[in-house]
Amino acid sequence: MVEKQIIARGIKDECVINAMLKVPRHLFIPEQYRHYAYSDSPVPIGYGQTISQPYIVALMTEELNVSSTDRVLEVGTGSGYQAAILAGLASEVYTIEIIEPLAKEAEARLKKLGYKNVKVKVGDGYLGWKEYSPFDRIIVTCAPTEIPEPLIEQLKDGGIMVIPVGSRGFQYLYRVKKVMGKIETEKITPVSFVPLTGPHAK
Ligand code: SAM
């Protein structure tokens, strides 16, 4: 998977490649879909949700440019796979999932696999996690129609957010930088994520 889908497509960051090599993706996927664990596509994880395609996980992680002292917020825990990748690169990972059973399953899975620097919360990620803010990095793995204001507020000055933004089924992935209190956005590539849901979804 890492050679054919990730390195061959241009992911170069050694730390990201090593993190992807270390995390056993099949353990984040329900048994009935495990034979698809290393295939080049998203895979169902229940509750109408998916674990993202490996290449997209690698691309978002590379764009996030995480360093070992960073505190990272993830919106959309899902299976916990992206959080596990980030846990190997960052100092602390805070991840929010709106579907309670998914959050609980991911939390138990991450604990069982020995990840000690990940905190999981059930809640609406649109609102971020104020208690632990500001964050050096924010990654959003579901798609809002615009960048949530609370996430901009909770991003540290000099920080980076990677987020898909757009309509249902079609979005662009953006790299957002906060520079002296102002936001600079850069379009990366077209993507298709599940929508950000909850009371603030438009
Ligand atoms: N990062 C996940 C992984 O590694 O398995 C994949 C995430 S999946 C593509 C998107 C997730 O975002 C879903 O589990 C969905 O329930 C969650 N989600 C949608 N809206 C949300 C919200 N407002 N707050 C938190 N999570 C949300």
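We're numbering straight along the sequence, starting at 1. Start at 1 and go down the list; that is how both ligands and their atoms are numbered. Predicted model, so just to flag it, every value in this text is computed and none were measured.
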(message) Would Glu63 and Arg175 count as a salt bridge (Lys or Arg N to Asp or Glu O under 4.0 Å) here? Give the steps.
(response) CA-CA 7 Å; Glu63 291 292 341; Arg175 185 180 214 250; 3.1 Å; yes

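Looking only at atom types and distance, the side chain of Glu97 has no donor-acceptor partner in the side chain of Thr77 under 3.5 Å away. For Gln82 and Thr61, the side-chain atoms include at least one donor-acceptor pair closer than 3.5 Å.
Side-chain atoms of Phe28 and Arg109, non-hydrogen and from C-beta on, do get closer than 4.5 Å to each other.
Interatomic distance, CH2 of Trp129 versus CD1 of Ile96, reported as 6.0 Å (0.5 Å rounding).
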What does the N/O contact table under 3.5 Å look like for ligand 1?
unit_1	atom_1	unit_2	atom_2	d
ligand 1	1 (N)	Glu74	OE2	3.0
ligand 1	1 (N)	Gly76	O	3.0
ligand 1	1 (N)	Thr141	OG1	3.2
ligand 1	4 (O)	Gln82	N	2.9
ligand 1	5 (O)	Ser79	N	2.9
ligand 1	5 (O)	Ser79	OG	2.6
ligand 1	14 (O)	Glu97	OE1	2.7
ligand 1	14 (O)	Glu97	OE2	3.3
ligand 1	16 (O)	Glu97	OE2	2.6
ligand 1	20 (N)	Thr197	N	2.9
ligand 1	20 (N)	Thr197	OG1	3.2
ligand 1	23 (N)	Asp124	OD1	2.8
ligand 1	23 (N)	Thr197	O	2.8
ligand 1	24 (N)	Gly125	N	2.8
ligand 1	26 (N)	Ile98	N	3.3

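The aromatic ring centroids of Tyr172 and Phe170 lie less than 6.0 Å from each other.
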